[in-house]
Amino acid sequence: MKFSDGYWMTREGYQLLSPYEIHDVRVGADSITVFATHRHLEQRGNTLNEPLMTMEFSSPMNDVIKAKFYHHKGRKRSGPSSFPLLTEGNSPVAIENNDEFVSLTSGDTTVKITKAHPVSISYTYKGRALTGSGTRQTAFVKAADGNHHFREQLNLAVGETVYGLGERFSAFVKNGQVVDIWNQDGGTASEQAYKNIPFYVTNRGYGVFVNHPELVSFEVASEKVSKTQFSVAGEMLEYFLIGGGSMKNVLSNYTALTGKPALPPAWSFGLWLTTSFTTNYDEETVNSFIDGMAQRDLPLAVFHFDCFWMKEYQWCDFEWDERVFPDPKGMLERLKAKGLRICVWINPYIAQRSPLFDEGMEHGYLLKRPDGSVWQWDMWQYGMGIVDFTNPAACKWFGDKLRALVDMGVDSFKTDFGERIPTDVVYFDGSDPMQMHNYYTQLYNKVVFEVLEEKRGRGEAALFARSATAGGQQFPVHWGGDCEATYESMAESLRGGLSLGLSGFGFWSHDIGGFEQSATPDLYKRWVAFGLLSSHSRLHGSTSYRVPWLFDEEAVDVLRRFTKLKLRLMPYLFAQAVQSTRLGIPMMRAMVLEFGDDPTADYLDRQYMLGDSLLVAPIFNEEGSSSYYLPKGTWTHFLTGEKVEGGVWRNERYDYMSLPLFARENSLIAVGAEENRPDYEYADGVSFHLFELQDGAAARAEVTDTKGAAKLTATATRTGGEIVFATEGSSSGVRLLLRGIASVSSVEGGTYEASQDGIVVVPASVGSQVRIKL
């Protein structure tokens with residue numbers, strides 16, 4: 001929201017009350033409170049009829065500064081007035097208070113407030129300037145109509161770029177954009193977003209989390225081109241300045257505050273196939289797809305039933321449509337006997353024709369209007385009501401419907417919708433509807449996720465969720481919503497995923513081939529390569545089926561190639577997933593996250609790192625041409641073995657069986673022995689591919705079991721012309737593949753042979769050390 005009229009003036013109807021000079025400072029054991037006047041006080045009489053700004057600074061954890069500003073602090077805010085945080089109390093801090101300034105330091109991050117006019121707030125990390133605010137930046141915005149706001153403007157340095165703010169499909173770098181944190185069902189082609197997160201991170205190595213679940217308006221280098229502004233309605237503003245020195249550390253600190261991503265089950269990383277949305281299907285149709293995949297040697301892990309597993313006009317009643325599924329329990333048993341997991345579509349809405357509507361109305365389980373009647377409308381489903389997840393009894397009621405489905409054989413739920421949440425409603429617990437609009441999805445997904453954890457066990461819960469808010473990363477997986485079957489939409493989907501990853505979310509997917517319309521065979525095949533090199537991979541659409549043979553026979557071959565490639569990469573990918581849960585960093589990483597010291601990486605949004613070591617550049621055109629950037633270092637094409645010196649842009653053409661997929665130098669990538677399922681014993685028969693280990697460098701890889709526990713570690717170090725390879729843990733067999741090395745002088749502690757990809761070294765035993773002279 002803009003309050004300025006150009007540089008000099010304030011918009012009509014607003015008055016900015018900004019800190020002019022500090023009147024008093026109160027120093028606590030672990031916090032400081034600063035009282036600022038809005039003008040110079042010439043005499044004591046000036047203290048009459050004059051407002052003050054109260055500014056509190058503290059730290060909930062190392063390198064995180066909490067800033068809380070008040071005008072009138074007594075204004076009631078009915079929950080949720082802020083996001084629940086995983087840290088309680090204050091962290092130890094160092095405070096300095098003298099005649100010129102007062103400062104608070106947490107870890108290596110410091111906030112300093114000057115006392116004389118002009119008052120400034122500055123944030124530093126190890127003495128290096130991060131950001132801050134000065135004259136007329138921090139402000140209580142007094143409105144003539146009584147709709148007051150609080151705003152902060154934080155400085156942006158020359159060359160500073162801003163990322164995050166949720167899954168946004170507009171330009172990847174947010175500079176110049178107006179972003180409203182307000183969940184909406186807007187598809188992937190506009191400024192609206194399903195997953196709005198009031199958190200951003202910049203290439204200067206800090207982040208800002210605005211701790212308000214309601215509407216937060218961001219002006220990112222838009223109202224003032226050298227500032228990032230955020231504002232909220234009311235008389236209080238709370239935000240956290242998150243330090244760490246690097247974008248990775250900032251994300252780790254942010255997710256320590258709001259929640260680390262849970263680890264999705266190993267089976268969820270396999271290929272998902274769905275019925276699609278409005279298509280006609282029954283058990284025979286479903287089996288034709290599943291058997292057709294098996295006959296064509298296309299490994300399938302999950303089958304998803306979309307909306308019409310339930311009767312039309314009755315979403316959601318959580319009952320199978322007996323007209324087409326007369327034996328749902330038996331059907332699920334038959335499908336699971338084929339080795340499949342089952343997902344079904346749900347949402348938090350109860351249509352009036354659903355038998356559950358009367359039950360929910362009678363017991364007060366649905367959102368109400370101020371007059372006590374049930375809130376209803378006809379958009380999406382006739383006469384639908386919305387489940388009130390602030391009511392514990394409603395949560396149990398909703399959860400029990402899901403428990404029955406899990407007992408029947410369902411393994412996962414696609415938690416669709418949750419964005420169109422009205423504000424003219426009354427909640428069971430009295431929550432403010434404005435604050436609940438974005439936060440509703442957190443309660444919705446939490447209920448569903450906890451049912452799966454309860455019934456399936458920790459580590460076995462997986463959603464396919466569309467909407468989210470801050471903290472939603474705790475309940476993976478999330479997908480990108482309703483994209484079109486175009487290359488432009490494929491690219492905007494990737495931008496959204498990279499943006500979400502820089503907002504604290506570890507796992508993300510998208511509809512392979514696009515949701516709206518039907519893809520051309522060309523687009524389908526290119527999207528398949530992108531989809532199978534994403535953290536999670538799902539074939540889904542709206543009005544047509546998405547099995548590959550309906551496009552052309554080559555599509556079958558492409559899907560087989562990339563599905564099996566992903567399954568062979570599962571030892572590497574699942575270890576990267578475990579790392580995402582530990583550190584709070586995404587599996588699909590924007591280049592700026594891995595290469596923050598390379599200015600070229602700042603704007604790259606058509607390629608990404610899949611974990612630490614693999615670079616992926618999807619192809620976005622019919623010509624098969626690819627333009628991508630390789631940072632400095634030696635890169636090896638994972639499929640062809642071509643070696644390329646980085647620090648360059650590359651322009652090439654690729655057929656459907658390949659794309660730019662490069663391994664980073666000094667990488668040790670674990671490749672599995674299985675290519676038909678995602679959940680197997682990753683350590684047994686594993687091959688460690690070593691790429692361009694430089695003199696004096698070391699590479700390390702961890703292989704886990706399917707629950708995420710470390711099973712095997714491997715290290716490779718190089719000194720001059722000698723490589724030492726060692727393993728620790730348990731495995732039925734280990735190999736080392738020296739990618740791109742055609743010959744060696746000797747191997748001590750194992751045997752070796754040449755292959756088309758390089759020298760294969762077999763250690764004498766697991767746990768032994770192998771010395772290789774090049």
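Side-chain contact between Arg204 and Thr131: absent, with no pair of heavy atoms (C-beta onward) separated by less than 4.5 Å. In this structure, the side chains of Tyr608 and Ser534 come closer than 4.5 Å at one or more pairs of heavy atoms. Phe101 places a side-chain heavy atom less than 4.5 Å from the side chain of Glu96. Counting heavy atoms from C-beta on, the side chains of Phe57 and Val93 never come closer than 4.5 Å. Taking the side chain as every heavy atom from C-beta outward, Lys224 and Tyr7 approach each other to under 4.5 Å. Residues Arg151 and Leu237 are not in side-chain contact: their nearest non-hydrogen atoms beyond the backbone lie 4.5 Å or more apart. Between His536 and Phe269, some side-chain heavy-atom pair lies under the 4.5 Å cut-off. The shortest distance between side-chain heavy atoms of Pro586 and Leu593 falls below 4.5 Å.
Checked by atom type, the side-chain pair Gln473/Thr258 shows a donor-acceptor distance below 3.5 Å. Judged by distance alone, the side chains of Thr138 and Ser133 do bring a donor and an acceptor atom under 3.5 Å apart. At a cut-off of 3.5 Å, with distance as the only test, no side-chain donor of Ser499 or Glu167 sits close to an acceptor on the other residue. Side chains of Asp602 and Asn203: a donor-acceptor N/O pair is present below 3.5 angstrom, by distance only. When only modelled atom types and interatomic distance are considered, Asn155 and Gln137 share a side-chain donor-acceptor pair under 3.5 Å. For Thr441 and Thr469, the side-chain atoms include no donor-acceptor pair closer than 3.5 Å.
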Check your understanding: So Gln607 and Val616, side-chain contact (heavy atoms from CB on, under 4.5 Å) or not? Walk me through it.
Key -> CA-CA 6 Å; Gln607 60 186 78; Val616 183; over 6 Å; no

Point to revise | side-chain contact (heavy atoms from CB on, under 4.5 Å) between Ile197 and Phe505, worked out | key: CA-CA 10 Å; Ile197 314 298; Phe505 285 68; 3.7 Å; yes

Check your understanding: Can you check ring-ring contact (aromatic ring centres under 6.0 Å, His included) on Tyr254 and Phe199, steps first, answer last?
Key -> CA-CA 9 Å; Tyr254 167 71; Phe199 166 79; 4.0 Å; yes

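Ion pairing between a basic and an acidic side chain is recognised when a charged N comes within 4.0 Å of a carboxylate O; Arg664 and Glu594 show such pairing. With respect to the salt-bridge test (charged N to carboxylate O, under 4.0 angstrom), the residues Lys68 and Glu56 do not qualify.
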Validation: residues 695-702 side-chain donor-acceptor distances under 3.5 Å, sequence neighbours left out:
residue: Asp695; atom: OD1; partner: Gly720; partner atom: N; Å: 2.6
residue: Glu702; atom: OE1; partner: Arg582; partner atom: NH1; Å: 3.4

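Among the candidates Phe691, Tyr629, Tyr628, the single residue satisfying the ring-ring contact (aromatic ring centres under 6.0 Å, His included) test with Phe662 is Tyr628. Tested against His510 for a ring-ring contact (aromatic ring centres under 6.0 Å, His included), the candidates Trp479, Phe530, Phe464 yield a single pass: Phe530.
Although no hydrogens or angles enter the test, the distance criterion places no donor-acceptor pair under 3.5 Å between the side chain of Thr581 and the main chain of Ala262. Looking at Gln442, its side chain never comes within 3.5 Å of a backbone N or O of Asn438 through a donor-acceptor pair. In terms of modelled atom types and a separation under 3.5 Å, the side chain of Thr255 and the main chain of Leu251 share a donor-acceptor contact. With hydrogens and angles ignored, the 3.5 Å screen pairs a side-chain donor or acceptor of Arg495 with a backbone N or O of Ser170. Proximity of a side-chain donor or acceptor of Asn183 to a complementary backbone N or O of Asn196 within less than 3.5 Å is detected.
Taking OG1 of Thr704 as the start and NZ of Lys711 as the end, the distance is 9.5 Å to the nearest 0.5 Å.
In this structure, Arg739 forms a cation-pi arrangement with Phe638, its terminal cationic atom sitting closer than 6.0 Å to the ring centre and no more than 45° off the ring axis.
For Arg136, the CZ atom sits in a loose shell: 12 or fewer heavy atoms of surrounding residues, nucleotides or ligands are nearer than 6.0 Å.
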